[in-house]
Amino acid sequence: MKPRIAVFKFASCDGCQLQFLNAEDELLTLASLVEFAYFTEARSRALDGPYDIAFVEGSITTPDDARRIIEVRERTRYLVTIGACATAGGIQALRNWSEVEQYKRVVYPSPEFISTLSTSTPISEHVKVDFELWGCPIDKHQLIDVVRSLLSRAKPALPGHSVCMECKRRGNVCVVVARGEPCLGPVTRTGCGALCPAYDRGCYGCFGPADDANMEAFTRLMASQGITGMDAVRRLRSINGYVRPWRETADAIAKNQNQND
Amino acid sequence: MNEPLKLKKAALQDLIDLLRREEFKVLGPVVREGSVAFHEVREVSDLPIGMRDAQEAGRYRLTPGVDGEIFGVVNGAGSLKPFFFAPHEILLEVRREHRGFKVRDATPAAPRLALIGVRACDLAALAIQDRIFLHDKFRDAHYEARRKDVFFVAVNCTRSAPTCFCVSMKTGPEAASGFDLAMTEMEDGFVVRTGSAAGERVVSKLQLPTAASEDVAKARARIDECASGMQRQMDTSDLPHLLYDEVDSPRWNDVAARCLSCTNCTMVCPTCFCHSVMDVQELDGNMSRRVRQWDSCFSLEHAHIHGINFRPRIHDRYRQWLTHKLASWIDQFGTSGCVGCGRCITWCPVGIDLTEEVAAIRAQRGKH
Ligand code: SF4
Ligand code: SF4
Ligand code: SF4
Ligand code: SF4
């Protein structure tokens with residue numbers, strides 16, 4: 001029997017699961033190797049578990065999500081989060097710094113019908129996660145590599161070093177040193193292939209924090225470039241803003257700023 | 001033989017044309033995105049004529065230079081390293097067969113390169129890489145395939161960047177060996193010396209005249225001036241022992257608080273050779289490629305062995321890098337791992353300067 005793969009969606013934009021369908025060259029091979037038992041973006045047939053691999057996109061934002069992810073975990077051998085939302089809480093985690101009830105009243109004519117949590121949280125805050133794919137969206141090659149590795153019972157290679165290493169391997173000219181531009185590359189996890197610096201702009205951190213990121217040193221680097229206070233906070237509180245090292249750094253800068261005001 | 005010759009500025013194009021006719025791919029410093037790197041050069045005008053570089057710790061800018069000066073830009077982030085020790089390469093391919101498997105060595109088909117505008121420190125760094133990759137019977141076939149038959153046109157430095165300290169490391173500013181031709185730039189041309197039989201052949205085809213003795217003296221004076229005016233220095237007299245003795249220096253914590261562990265210094269260093277090797281499978285599971293890519297002692301994974309990471313702190317990793325580069329390298333390879341090119345200083349986003357770190361460790365020696 002072919003290994004059964006499921007792709008689940010929580011609060012997200014669908015861009016990450018779309019990477020399966022974007023993998024045009026590999027799609028036929030993939031379909032011959034695995035059975036897509038549950039992938040509603042690609043096919044309407046939906047089979048119950050158990051699943052060998054469940055890819056989970058999106059963050060937990062409703063009471064129903066919080067129940068559903070536990071069911072997914074129970075039916076799954078390897079649970080792999082895909083993307084910034086599932087792995088870090090996503091851009092929607094900005095709500096974690098605001099009053100959700102207030103938004104509800106402003107946005108919806110009948111807020112009483114909205115059932116939502118006051119936070120957006122990553123999957124790992126709710127259930128055990130086996131592997132995490134970062135990125136907004138995820139990288140197609142990493143996705144294929146995870147499938148292949150798990151089929152071969154090998155540990156997927158998901159490096160945690162900085163974007164800078166890949167940036168230099170590609171021969172990009174550093175935008176920080178040569179242009180004085182902001183770049184989150186030194187504290188961001190590799191995986192994108194140093195895409196933004198290759199197009200002559202700084203990294204904005206869509207793959208989340210690198211291993212052992214030195215946020216204090218990075219905060220000083222930003223300050224030396226004139227990026228301080230809420231400007232620095234906004235750069236960190238973005239797609240992956242709720243993930244620990246960036247959240248704590250941004251919170252500390254924001255607190256400092258408030259005290260100074 | 002080997003008397004200094006003169007190449008007029010206009011004749012530099014003849015040199016490029018000749019090398020191209022001899023089926024070399026000619027590379028030289030070319031402006032890209034605010035810096036220079038070695039790229040293909042067909043015309044002299046591809047070179048950064050009339051430009052210079054302004055370098056300091058953590059900062060690099062190209063600036064207007066001296067009219068007509070061809071090699072006014074000292075260097076950029078890109079050294080010669082990627083041309084021989086590739087940033088990313090396939091070492092071999094393993095294909096599943098009906099019974100068993102077949103291994104194919106993926107030795108690269110390397111173009112014949114001619115590199116123009118190579119500096120003394122670049123050549124010194126290459127000699128160190130040769131010592132690593134081509135030592136005795138332990139020869140790296142991929143490095144060797146790219147390295148053989150390369151034609152080097154060195155340019156002796158008549159101007160250094162403020163980040164350069166080759167005089168301290170005894171590698172420059174004049175190219176001592178490893179070149180086919182070495183040129184010193186003057187207003188109207190170059191004083192040229194040959195360094196190999198291949199170089200001799202090229203100058204005889206170009207029919208270069210002997211350089212006038214005033215030109216030779218002027219070229220000498222320019223190199224000497226560059227050497228005596230060099231701003232950065234590193235005292236190497238107590239190396240390697242200083243760093244072994246100071247394994248507990250408080251300075252390691254100090255630098256670790258500033259260091260991002262971003263790996264930029266090791267990527268731009270022309271002698272750093274750390275790499276990782278991994279097997280990457282095709283999706284169908286019938287083929288696997290063994291890939292080698294640049295790695296760094298600043299990455300956490302690099303010190304990860306079964307069950308433990310033996311350099312968990314940035315403190316451990318910076319100390320590893322500096323101590324290897326300037327101390328244990330000497331025990332291991334008989335030479336320092338640093339040629340004083342200054343790249344790690346300029347291209348460190350937070351401007352950490354190894355010459356300053358060594359001086360600070362020395363200043364605190366035994367006082368803690
Ligand atoms: S451009 Fe950004 S990612 Fe690239 S080396 Fe510089 S800081 Fe690192
Ligand atoms: S370190 Fe010396 S040889 Fe290298 S570029 Fe600077 S002056 Fe030239
Ligand atoms: S010394 Fe500079 S370039 Fe090197 S890892 Fe530290 S911050 Fe990065
Ligand atoms: S350690 Fe720094 S100065 Fe020395 S060779 Fe490497 S990059 Fe150049």
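So that the names make sense, note that chain A is the first sequence line, chain B the second, and so on, each numbered from 1.
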>> Quick check against the 3.5 Å criterion: does Arg169(A) have a side-chain atom that pairs as donor or acceptor with the backbone of Trp294(B)?
In response: yes
>> Does any backbone or side-chain atom of Thr346(B) lie under 4.5 Å from a heavy atom of chain A? Answer side chain, backbone, both or neither.
In response: both
>> Is Pro82(B) in contact with chain A via its backbone, its side chain, both, or neither, using a 4.5 Å heavy-atom distance?
In response: neither
> When heavy-atom pairs shorter than 4.5 Å are enumerated against chain B, which of Cys167(A), Ala210(A), Pro186(A) gives the highest number?
Replying inline: Pro186(A)
> Counting heavy-atom pairs under 4.5 Å to chain B, which of Leu151(A), Val176(A), Asp211(A) comes out on top?
Replying inline: Asp211(A)
> Which bit of Asp279(B) is near chain A, if near means a heavy-atom gap under 4.5 Å: side chain, backbone, both or neither?
Replying inline: neither
> Is there a donor-acceptor pair closer than 3.5 Å between any side-chain N or O of Asn214(A) and the backbone N or O of Ala256(B)?
Replying inline: yes
> What residue, out of Asn172(A), Asp145(A), Val163(A), Ile144(A), has the most heavy-atom pairs lying under 4.5 Å from chain B?
Replying inline: Ile144(A)
> Side chain, backbone, both or neither: which part of Ala86(B) has a heavy atom under 4.5 Å from chain A?
Replying inline: neither
> Relative to chain A, which segment of Leu300(B) carries a heavy atom at a distance below 4.5 Å: side chain, backbone, both, or neither?
Replying inline: side chain
>> At a 4.5 Å cut-off on heavy atoms, which part of Glu282(B) comes close to chain A: side chain, backbone, both, or neither?
In response: backbone
> If you count heavy-atom pairs under 4.5 Å between each of Arg258(B), Arg61(B), Met267(B) and chain A, which one has the most?
Replying inline: Arg61(B)
